[in-house]
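Down below is the structure, laid out as structure tokens.
For the numbers below, each heavy atom of this structure counts, side chains included, while hydrogens, waters and symmetry mates do not. What you see is a predicted model; the values in this text were computed from it and never measured. Here is how names work: the chains are called A, B, and so on, in the same order as the sequence lines, proteins then strands, and each is numbered from 1.
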Amino acid sequence: MSDPRADARFLARNAAAVNPDGGLEERLATAAREGRRLRVKLGIDPTAPDIHLGHVVVLQKLREFQDLGHQVVLIVGDYTARVGDPSGRSATRPVLTAEEIEHNARTYQEQAGRILRDDPELLEVRRNGEWLDMPMDAFLRLARIPKVAQLLERDDFAKRYAGQRPISLLEFVYPLLQGYDSVAIRADVEIGGTDQTFNLLFGRDVQRAEGVPEQAVMTMPLLVGIDGSQKMSKSLGNQIGIGEPADEIFGRTMRIPDELTDQWASLLAIDLGDVPAGDPRSRKRALARALCDRFAGAGQGEQAQEAFDRLFRDGGVPEEIAEHALPGDPVLHLPALLAEAFGVSRSEARRAIGQGGVRINGEVANATNLDVDAKDLQDAVLRLGKRRFVRLVTPS
RNA sequence: GGGGGGAUGUCCGAGUGGUUAAAGGAGACGGGCUGUAAACCCGUUGGCUCUGCCUACGCAGGUUCGAAUCCUGCUCCCCCCA
């Protein structure tokens, strides 16, 4: 039926690396020979439930495995999340409660379901608390596996160690726990971002020590966020969530640097088809449309693009604008109104007004007179900066 | 157990008694140009009832006309030696 070599080549086409060389093809061939599905593992962190395009890169890859008949195993890191991960040094990361973790995990699962096939043959979801909540002696047995020198080879650790910056024992233990996940579920393949390379490869060591076959490891390049420099992440605010409205997806995609367009298309498995390479703007628009169609629904791309053009090319206003109830007073203090309507501080609002960044029905707001007659604001469209709009309505 | 270093605005990071809402940078935001790209230019960037007022330099107290800067206690963090 399927050809392991061709499948491996297809799957690896946009990957950063496959380890060991030829490992994926070997696993595919083994599975074919034994007439079974591969178990393809992805560990997910239930501290940040909202899926953005960065997650999609990996999920899309899993979907490709599913389409070839293989089984995806999502591992919710509920146990590890409860302990908290101090890496990255984001200081006061709160340790989540079991309820929060569970809620996040469900949200994640639900969103991932929009990319993955939700067929029990093809998708299994597990919690690592199922096996990590082990007795001390079992843990200590595992603790023999990693060698300190080996852990210190991990780039992140090596740098911090050299720079005399802290590394907690807990961080040292994480790769071991993740690796044990691979043992527990008998992973054939594990997927992750390139930042996970060490951990994924370490899973092989744990598997070997535990006497189970070693997984192949496929790492995907990290998707660069819309700021064009750092990896996409919610905490950096440079993400596009898959649950966002089409207009938002379209607009934010149009903001990425041109150089990112092809990389995004490749990692997100979007075919830009015949859009000429010499026309970066059209390529980006095609990408934006495709993303809208995929995550907001078929046909959304076309619509979002029209709205976008109306707004930014023709200088109009969006069709759908959030509404904000006008307070009843006869005279309104503009900074206060802006603050409420857009969720900024009054000082911020004042600055924006002073800089000509606020428009009422297209007219730049007067910076010297901040008090406005309420009747001049009836059903007015208030605009802050280039892309924030609100329609003022009278509460009935 | 011993010794040393540190905690400043969104982040990084200057500042060791007064002109400090606190240098500089990053980020962000507003404006210009434009393709909501890049590059570039200008401006802003604690809050507010805004020509002024309030709150701020880990926490609490003290010295002083005056403290982020000095003293005391506390909390937290890091490094080194053992």
Side-chain angles (χ1 to χ4, degrees), chain A residues 86 88-93 159-171 224-231 233-240 244-265 272 275-289 291-292 304-318 327 329 331-340 342-360 362-371 382-389:
Chain A
R89 309 237 56 220
S90 49
T92 51
R93 173 181 288 189
K159 283 194 182 122
R160 280 199 270 160
Y161 192 67
Q164 301 200 322
R165 272 170 292 137
I167 302 169
S168 73
L169 181 58
L170 178 60
E171 291 177 80
V224 176
I226 63 172
D227 62 342
S229 57
Q230 291 179 279
K231 75 168 180 180
S233 89
K234 197 175 177 185
S235 56
L236 293 172
N238 62 358
Q239 86 286 18
I240 297 178
E244 293 183 45
D247 287 348
E248 199 60 27
I249 294 175
F250 194 94
R252 285 171 81 74
T253 302
M254 289 306 287
R255 287 218 277 162
I256 67 173
D258 290 353
E259 300 72 58
L260 242 48
T261 305
D262 286 352
Q263 189 195 328
W264 274 37
L272 260 31
V275 187
D279 184 356
R281 181 164 170 268
S282 297
R283 284 180 80 77
K284 194 151 55 180
R285 283 161 72 91
L287 172 69
R289 282 196 306 273
L291 291 174
C292 290
Q305 178 170 298
E306 281 166 26
F308 179 86
D309 285 345
R310 191 165 53 243
L311 184 53
F312 295 107
R313 195 187 56 195
D314 309 330
V317 298
D329 316 294
V331 175
L332 295 168
H333 191 56
L334 197 51
L337 186 61
L338 286 162
E340 263 189 65
F342 295 106
V344 298
S345 76
R346 293 188 182 192
S347 299
E348 260 179 285
R350 274 195 200 88
R351 273 177 227 129
I353 296 167
Q355 295 180 128
V358 173
R359 286 162 191 270
I360 301 169
E363 297 288 315
V364 176
N366 184 326
T368 51
N369 181 16
L370 298 180
D371 294 308
L382 209 53
R383 175 175 178 178
L384 174 60
K386 284 194 172 90
R387 50 190 120 84
R388 283 179 279 183
F389 295 84

Considering only the P atoms, how many Å lie between B/G5 and B/A21, rounded to the nearest integer?
30 Å

For nucleotides 32-39 of chain B, just jot down a letter per nucleotide in 5' to 3' order: B, S or -, based on protein non-hydrogen atoms under 4.0 Å.
--BBBB--

Given the P atoms of B/G18 and B/G66, what is the spacing between them in whole Å?
15 Å

With C1' as the reference atom in both, quote the distance from B/C48 to B/U55 in angstrom, rounded to an integer.
10 Å

Between atom CZ in A/R383 and atom P in B/C29, what is the gap in whole Å?
15 Å

Taken to the nearest whole Å, CZ/A/F342 to P/B/A28 is 20 Å

Within the side chain of A/D371, is there an N or O that forms a donor-acceptor pair under 3.5 Å with the backbone of A/L334?
no

Can you tell me how far apart CD (A/E244) and CG (A/L291) are? Round to the nearest 0.5 Å.
11.5 Å

Between atom CD1 of A/I226 and atom CD1 of A/I240, what is the distance when rounded to the nearest 0.5 Å?
6.0 Å

Contact class for A/R283 (heavy atom, under 4.0 Å): base, sugar-phosphate, or nothing?
nothing

Rounded interatomic separation in angstrom, taking CD from A/Q355 and P from B/G43
11 Å

Less than 4.0 angstrom between a side-chain N/O of A/R351 and OP1 or OP2 of B/G47, yes or no?
yes

Measuring only the C1' atom in each nucleotide, how far is B/U16 from B/U69? A whole number of Å is fine.
5 Å

Paired to B/C76 by Watson-Crick or G-U wobble criteria (both distances under 3.5 Å) is B/G6

Check: A/K231 main-chain N/O paired with A/N238 side-chain donor or acceptor under 3.5 Å
yes

I need the A/M254 CE to A/F312 CZ distance, nearest 0.5 Å.
10.5 Å

d(CD1, A/I353; P, B/C48) in whole Å:
12 Å

B/A67 versus B/U44 - spacing of their C1' atoms, nearest Å
30 Å

According to the Watson-Crick and G-U wobble definitions, with both distances under 3.5 Å, which nucleotide is paired to B/C53?
B/G47

Mate of B/A37 where both pairing distances stay under 3.5 Å, Watson-Crick or G-U
none

Which whole number of Å gives the distance between the P atom of B/G9 and that of B/C74?
24 Å

Using heavy-atom distances to pick each residue's nearest nucleotide on RNA chain B, tell me which of A/G385 and A/E348 is more 5'.
A/G385

In whole Å, what separates the C1' atom of B/G17 from that of B/U63?
11 Å

Verify side chain to side chain contact (heavy atoms under 4.5 Å, CB included) between A/R388 and A/V344, making sure each step is shown before the conclusion.
CA-CA 12 Å; A/R388 283 179 279 183; A/V344 298; 4.0 Å; yes

For B/A14, the Watson-Crick or wobble counterpart (both distances under 3.5 Å):
none

May I ask you to say what A/S345 touches in the nucleic acid, namely base, sugar-phosphate or nothing, with a heavy-atom cut-off under 4.0 Å?
sugar-phosphate

What integer distance in Å separates A/F389:CZ from B/G30:P?
12 Å

CG of A/L287 to OG1 of A/T253, rounded to nearest 0.5 Å, is 6.0 Å

Any Lys/Arg nitrogen of A/D247 or A/R387 sitting under 4.0 Å from an Asp/Glu carboxylate oxygen of the other?
no

